[in-house]
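Notes to accompany the following structure.
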Amino acid sequence: MDQSLPVPPQKQTAEHMTPQRRQRRMETYRVAWIVLTFSFITFITVCASLSFGVYYFAFQSGVSMNAQVRVAQGTVGLVSSDLSERFDDREETVFLEDRVSTDSQSQAQVVFRDAELPQTIAASVTLLNNSEMEVLRMVQPRYEWGRIDYQVVLRANQGTFDIYIPDALPRETSLTLNLPYGVVVDVSESGQYTLSVTEEQIEINTRSGRAAILPVERSQARSIATGQIGVYSVGSGRATVRNEHQELIPNNIFTSQPVDFEPVEDGASVTFDLWNCTDRTQTVTPGALEWVRFQGRLALHIVRTGTQAHGETGCIQPLGDSAQSGSPVDGYTNLTLRSTFYIEDQSLSGCGVAGSECPLMLLIDYIDTEGDRNKWFQGFYARVDPLSEYPTRCNSAGCEEHKAINGGAWYVYESGNLLNSLPADRQPQSILNVQFYASGHEYDVYISELSLLATPG
């Protein structure tokens, strides 16, 4: 018997298939390739999306910054997004969509800080009298290696705002201000700016740095460099740039420091880039003055502690070609003294028993139109004993009523036009020198600016 294995049938080839069977096989192949291609595209898309998502989360995503309002004078009002209203006279946390406002007797500073580095101030905006703004955005990188800037977006509705962006930050700050009439102001460089919003016009004064003013018609956008003023006129709908104010005090914001600068102390004096700084204390407990960076600002720190005896510490800068003639100002239509400072502490109540020992005093020494020498004083204090009856004005000729402010907050002072406020018989013809000094027993003050702004006639 033949016991050999059976021979399997031959595999059917495409030539031996029927047309219908070949068609079904081709369709199967086509579906398989479509599924394979779609799966590959999906895989690539998922991998790319995941990679982009991880990159965006690690390098481009942001988290909210911290913001506080510090009240420098009076009481500030805050309205939240739910329309609840609160008032404060010292310090309060600011949240997104909060609206901050000041009245005719108040001033407040909103400080934007890095949430992970609380000592790093990305920007600060001071609301002067009768001002209002809303916080729309305040974002920082999620991680320290993030590549986005500090981003602050505000809506400034009305008033005057002092804007300060420190230098030497770990990343740049982008500050955008949305204004009435569709106007936008962008600030993207460290520096100091003054923004004024009225019904007639919007004005951005770039005191240092660079800004841009963008009307609704973006082709009318203007760049405003240091020393320039950008003005948007509501009537014409156009933005222009002009050079109007002149700064009469060199090194008015103390940015120029000699390498060999030594702190002023123990009755010594030092010339600090045109400023002559001196401690005039006649006791064994001198005052001191040093150049520092405080809360992001370059400032001169005046301090004296541990004594109950009188002392004075401060600086003077002569103006003009000679000490006798000074710097002529009779051709100007506006003369405004401006200062930014921070009173940390003082021991005396007010400005002392004679009204002459303020923790900060500003002084202009000048020749009037009659050829006589005169002085103008303005004092500030941050502590007062309600039981004391100390005078609020010194008895020297030209002394203004002292101003009470809050300690622990930067305060921006503007004198207004001195040519209008000074009596007709004491109008200045030339400025001999300007001074700032702390007087009293114990004092602790920072001053970051002393400017004398003049407008030509």
Side-chain angles (χ1 to χ4, degrees), residues 56-70 72 91 93-96 100 108-127 133 135-154 156 161-178 184-195 204-212 223-227 251-257 259 290-301 340-342 408-412 446-449:
Y56 180 86
F57 184 82
F59 295 99
Q60 297 293 330
S61 66
V63 296
S64 181
M65 301 173 67
N66 291 338
Q68 296 84 33
V69 59
R70 293 179 173 177
E91 184 171 331
T93 300
V94 177
F95 302 98
L96 280 177
V100 186
Q109 176 194 28
V110 180
V111 181
F112 299 91
R113 296 178 179 274
D114 189 311
E116 300 299 325
L117 304 169
Q119 299 304 314
T120 300
I121 295 176
S124 68
V125 179
T126 300
L127 290 78
M133 77 175 192
V135 179
L136 303 181
R137 180 177 172 87
M138 47 179 181
V139 172
Q140 67 178 73
R142 185 178 298 274
Y143 303 107
E144 63 180 355
W145 58 77
R147 296 182 179 178
I148 65 173
D149 297 336
Y150 294 125
Q151 299 173 8
V152 178
V153 181
L154 308 172
F161 308 85
D162 182 82
I163 301 163
Y164 183 79
I165 298 180
D167 59 358
L169 291 172
R171 64 190 70 251
E172 294 182 351
T173 295
S174 174
L175 177 64
T176 301
L177 297 125
N178 296 332
V184 174
V185 167
D186 280 333
V187 177
S188 57
E189 290 188 9
S190 61
Q192 193 163 1
Y193 310 81
T194 302
L195 172 69
I204 178 71
N205 184 352
T206 303
R207 310 187 61 240
S208 63
R210 180 175 291 274
S223 177
I224 305 102
T226 298
N251 194 20
N252 60 309
I253 54 176
F254 314 121
T255 56
S256 302
Q257 179 208 8
V259 177
E290 59 182 343
W291 185 83
V292 299
R293 183 180 294 276
F294 178 67
Q295 295 187 355
R297 298 175 185 255
L298 299 176
L300 294 180
H301 183 204
T340 304
F341 57 89
Y342 183 108
W410 286 100
Y411 180 80
V412 178
Y446 298 85
I447 179 167
S448 69
E449 173 193 9

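All values below were derived from every heavy atom in this structure, side-chain atoms included, with hydrogens, water molecules and symmetry-related copies excluded.
- The two residues Y193 and G209 have their closest heavy-atom pair at OH-CA, 3.4 Å.
- For A108, the side chain to side chain contact (heavy atoms under 4.5 Å, CB included) partners are V69, V76, T102, not counting sequence neighbours.
- Proximity of R297 to I121: side-chain heavy atoms (C-beta onward) are nowhere separated by under 4.5 Å.
- F112 is linked by a ring-ring contact (aromatic ring centres under 6.0 Å, His included) to nothing, counting only residues two or more places apart in sequence or in another chain.
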Inset, instruction - Start with the C-alpha distance between Y342 and Q295, add both sets of side-chain angles, then the distance that settles side-chain contact (heavy atoms from CB on, under 4.5 Å), and finish with yes or no. - result: CA-CA 10 Å; Y342 183 108; Q295 295 187 355; 3.6 Å; yes
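- Remark: E91 pairs with R70 by the salt bridge (Lys or Arg N to Asp or Glu O under 4.0 Å) rule, at least two apart or across chains.
- The side-chain hydrogen bond (donor to acceptor under 3.5 Å, both in side chains) test applied to E449 returns Q192, R207, R338, T340, S451, not counting sequence neighbours.
- Between the OG atom of S174 and the CD1 atom of I165 there is a distance of 8.0 Å, given to the nearest 0.5 Å.
- Side-chain atoms of V135 and L154, non-hydrogen and from C-beta on, do get closer than 4.5 Å to each other.
- The minimum heavy-atom distance between V63 and P141, with the atom names listed, is CG2-O, 3.9 Å.
- Residues satisfying the salt bridge (Lys or Arg N to Asp or Glu O under 4.0 Å) test with R113, not counting sequence neighbours, are none.
- A search for side-chain hydrogen bond (donor to acceptor under 3.5 Å, both in side chains) contacts involving Y164 returns nothing, not counting sequence neighbours.
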Inset, instruction - Run the numbers on D149 and T173 for side-chain contact (heavy atoms from CB on, under 4.5 Å), then give the verdict. - result: CA-CA 6 Å; D149 297 336; T173 295; over 6 Å; no
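- By the side-chain hydrogen bond (donor to acceptor under 3.5 Å, both in side chains) test, S223 is found to be paired with R210, residues two or more places apart in sequence or in another chain being considered.
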Inset, instruction - Kindly determine whether W291 and L300 satisfy side-chain contact (heavy atoms from CB on, under 4.5 Å), including the steps that lead there. - result: CA-CA 5 Å; W291 185 83; L300 294 180; 3.8 Å; yes
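- The aromatic rings of F294 and W410 sit tilted relative to each other, their planes meeting at an angle between 30° and 60°.
- Listed by chain and number, the residues in a side-chain hydrogen bond (donor to acceptor under 3.5 Å, both in side chains) with Q151 are R137 (sequence neighbours excluded).
- Heavy atoms only, all atoms of each residue included: S448 and L298 are closest at CB-O, 3.3 Å.
- Between atom OH of residue Y150 and atom OG1 of residue T120 there is a gap of 5.0 Å, rounded to the nearest 0.5 Å.
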Inset, instruction - Go through the steps for M133 and V110 under the test side-chain contact (heavy atoms from CB on, under 4.5 Å), then give the verdict. - result: CA-CA 10 Å; M133 77 175 192; V110 180; 3.5 Å; yes
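- Checked against side chain to side chain contact (heavy atoms under 4.5 Å, CB included), L136 has the following partners two or more places apart in sequence or in another chain: E134, V153, R155, N178.
- With sequence neighbours left out, E116 forms a side chain to side chain contact (heavy atoms under 4.5 Å, CB included) with D114, Q140.
- Nearest heavy-atom pair across A115 and S64 is CB-O, 3.9 Å.
- In terms of heavy atoms, A211 sits closest to I204 at CB-CG1, 4.3 Å.
- Environment of CD in E144: sparse, with no more than 12 heavy atoms of neighbouring residues, nucleotides or ligands closer than 6.0 Å.
- By the side chain to side chain contact (heavy atoms under 4.5 Å, CB included) test, F95 is found to be paired with R86, T93, D98, residues two or more places apart in sequence or in another chain being considered.
- Between the CG atom in L195 and the OG1 atom in T126 there is a gap of 12.5 Å [rounded to 0.5 Å].
- Annotation: side chain of F161 is not in contact with side chain of L177 (no heavy-atom distance under 4.5 Å).
- Residues that satisfy the salt bridge (Lys or Arg N to Asp or Glu O under 4.0 Å) test with R293, not counting sequence neighbours, are D167.
- Considering all non-hydrogen atoms of both residues, A122 and P166 come closest at O-CD, 3.6 Å.
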